[in-house]
Amino acid sequence: MNRIIITTNDVMFLMGKSQSSAQKLIKVIRDAYGKKKHQPISIRLFCDYMDLSYEEVFNTVNGIKDQSA
């Protein structure tokens, strides 16, 4: 099953950030979308906020290899 939620570890890997920086970024995104502390951040919200390709991030987080090669 594919994940749709982004974690601190995912942000660390994708953005090359430290754990504290990744946590701060998730908090900023949560605040920007009016999410409460217990509510997770979806990959789609993360991509919308960071202006990244949803498909690329989704595939990376879920370990899906590029099918076009």
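Throughout, residue positions are numbered sequentially from 1 according to the sequence presented.
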> How close do Ile5 and Ile43 get, heavy atom to heavy atom, and via which atoms?
Replying inline: C-CG1, 4.1 Å

>> To the nearest 0.5 Å, what is the distance between CD1 on Ile26 and CD1 on Ile6?
In response: 7.0 Å

> Going by the side-chain hydrogen bond (donor to acceptor under 3.5 Å, both in side chains) test, which pairs reach into residues 2-15, not counting sequence neighbours?
Replying inline: Arg3-Asp10, Thr7-Asp10

>> Give me each pair satisfying side-chain hydrogen bond (donor to acceptor under 3.5 Å, both in side chains) with a member in residues 30-39, each pair once, sequence neighbours excluded.
In response: Lys27-Asp31

>> Checking Ser18 now: which residues fulfil side-chain hydrogen bond (donor to acceptor under 3.5 Å, both in side chains) with it, not counting sequence neighbours?
In response: Ser20, Ser21

> Is there any side-chain hydrogen bond (donor to acceptor under 3.5 Å, both in side chains) pair reaching into residues 42-54, and which pairs are they, with sequence neighbours excluded?
Replying inline: none

> To the nearest 0.5 Å, what is the distance between CE (Met50) and CG (Leu14)?
Replying inline: 9.5 Å

>> According to a hydrophobic-cluster definition based on side-chain heavy atoms being under 4.5 Å apart (Ile, Leu, Val, Met, Phe, Trp, Tyr only), do Leu25 and Leu52 belong together?
In response: yes

> Could you give all pairs that pass the salt bridge (charged side-chain N to carboxylate O under 4.0 Å, His left out) test and reach residues 11-23, with sequence neighbours left out?
Replying inline: none

> Should the heavy atoms of other residues, nucleotides or ligands under 6.0 Å from CD of Glu56 be counted, would the total exceed 12?
Replying inline: no

> Looking at side-chain heavy atoms only, is the closest gap between Phe58 and Ile64 below 4.5 Å?
Replying inline: yes

